[in-house]
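In what follows, a single structure is set out as structure tokens and then discussed.
Model, not experiment: these values are computed from the prediction.
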Amino acid sequence: MAGRIEQRLRQLGIELPQPSAPGANYVPHVRSGDLVVVTGQLSQWNGERRFVGKLGREYDVADGQQAARLCALNVVAHLREALGADLDRVDQCVRIGGYVNATPDFHGHSQVVDGASDLLVEIFGEAGRHTRIAVGVSALPYDVAVEVEGTFQVR
């Protein structure tokens with residue numbers, strides 16, 4: 001029988017991508033005590049990079065929100081893997097970090113990262129509410145538009 005969060009994903013029509021393999025000398029997630037830290041996830045679907053380019057040039061805030069949502073889907077996919085496929089073990093999303101590949105005159109970084117924040121609340125409800133940082137950067141790996149990392153308290 002599927003858990004409560006898996007049922008919620010189905011009700012919302014949310015499919016998670018396959019967790020990606022690390023692209024260098026790091027691991028996709030680490031558990032330390034009751035925390036799971038998921039490494040930064042790019043805007044990609046099953047290995048296919050999407051939203052390649054900069055906010056303020058190729059993309060606007062709405063596009064960036066979709067890119068951030070896609071990153072957060074990848075975060076949740078890795079979290080599911082870290083928890084042995086049992087997302088019901090999530091007590092709280094503690095913090096996310098959102099990095100926005102943007103032109104110098106772009107100022108909508110926090111609105112872009114709302115795409116990730118909104119998804120986590122959609123999936124986990126109150127347990128999805130978190131602290132966060134939204135940072136504009138001059139470049140990201142493979143020139144993707146957004147990268148999101150997450151820290152979760154689990155049981």
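Under a hydrophobic clustering in which Ile, Leu, Val, Met, Phe, Trp and Tyr are joined whenever their side-chain heavy atoms come within less than 4.5 Å, directly or via other members, Val148 and Leu70 fall into the same cluster. Val37 and Val135 end up in different hydrophobic clusters when Ile, Leu, Val, Met, Phe, Trp and Tyr side chains are linked at under 4.5 Å. Cluster membership for Val36 and Ile123, using ILVMFWY side-chain heavy atoms within less than 4.5 angstrom, is shared. Phe51 and Ile96 fall within a single hydrophobic cluster, where Ile, Leu, Val, Met, Phe, Trp and Tyr side chains are chained together by heavy-atom contacts under 4.5 Å.
Using a 4.5 Å cut-off on side-chain heavy atoms (C-beta onward), Glu147 and Pro141 make contact. Using a 4.5 Å heavy-atom threshold, the side chains of Leu73 and Val75 count as separate. A 4.5 Å side-chain heavy-atom check between Val100 and Val137 finds every atom pair outside the cut-off. Using a 4.5 Å cut-off on side-chain heavy atoms (C-beta onward), Leu9 and Leu16 make contact. A heavy-atom distance below 4.5 Å is found between the side chains of Val76 and Leu87.
Take Arg8 and apply the side-chain contact (heavy atoms from CB on, under 4.5 Å) test, not counting sequence neighbours, and it matches Gln11, Leu12. When the side-chain contact (heavy atoms from CB on, under 4.5 Å) test is applied to Ala72, the partners found at least two apart in sequence or on another chain are Ala116, Leu119. For Asn46, the side-chain contact (heavy atoms from CB on, under 4.5 Å) partners at least two apart in sequence or on another chain are Pro17, Gln18. For Arg129, the salt bridge (Lys or Arg N to Asp or Glu O under 4.0 Å) test picks out Glu126, with sequence neighbours left out.
For the side-chain hydrogen bond (donor to acceptor under 3.5 Å, both in side chains) condition, the pairs that include at least one residue of residues 132-146, sequence neighbours left out, are Asn101-Asp143, Asp114-Arg132, Ser117-Arg132. Applying the ring-ring contact (aromatic ring centres under 6.0 Å, His included) test to every pair with at least one member in residues 8-45, sequence neighbours left out, gives no pairs at all. Every pair passing ring-ring contact (aromatic ring centres under 6.0 Å, His included) that includes a residue from residues 92-132 is listed here, sequence neighbours excluded: Phe106-His109. Annotation: salt bridge (charged side-chain N to carboxylate O under 4.0 Å, His left out) contacts involving residues 76-105, sequence neighbours excluded, comprise Glu6-Arg80, Asp91-Arg155, Arg95-Glu149. Judged as a salt bridge (charged side-chain N to carboxylate O under 4.0 Å, His left out), not a single pair has a partner in residues 28-47 (not counting sequence neighbours). Every pair passing side-chain hydrogen bond (donor to acceptor under 3.5 Å, both in side chains) that includes a residue from residues 57-74 is listed here, sequence neighbours excluded: Arg69-Glu122.
For the residue pair Leu55 and Ala145, the shortest heavy atom distance occurs at CD2-CB, 3.6 Å. Residue Val146 comes nearest to Ala67 through the heavy atom pair CG2-CB, 3.8 Å, listed as atom of the first residue, atom of the second, then distance. Nearest heavy-atom pair, Thr103 versus Gly56, reported as atom, atom and distance to 0.1 Å: OG1-CA, 3.7 Å. Here the closest non-hydrogen pair linking Gly64 and Val112 is O-CG1, 3.4 Å. When all heavy atoms are compared, the tightest approach of Val113 to Gly98 is CG2-CA, 3.9 Å.
The hydrophobic side chain of Val121 is isolated, with no ILVMFWY side chain under 4.5 Å apart from it. Side-chain heavy-atom separations under 4.5 angstrom define the hydrophobic clusters, and the remaining members of the one that includes Val27 are Val30.
The SG atom of Cys93 sits 5.0 Å away from atom CG of Leu120, with the distance rounded to the nearest 0.5 Å. To the nearest 0.5 Å, atoms CG (Leu140) and OG (Ser43) are separated by 8.5 Å. The distance from atom CD1 of Ile133 to atom OG of Ser110, rounded to the nearest 0.5 Å, is 11.5 Å.
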Val94 and Gln153: side-chain contact (heavy atoms from CB on, under 4.5 Å), yes or no, with the steps?
CA-CA 6 Å; Val94 176; Gln153 182 181 25; 4.0 Å; yes
Evaluation steps, side-chain contact (heavy atoms from CB on, under 4.5 Å), between Ile5 and Val90
CA-CA 9 Å; Ile5 298 299; Val90 173; over 6 Å; no
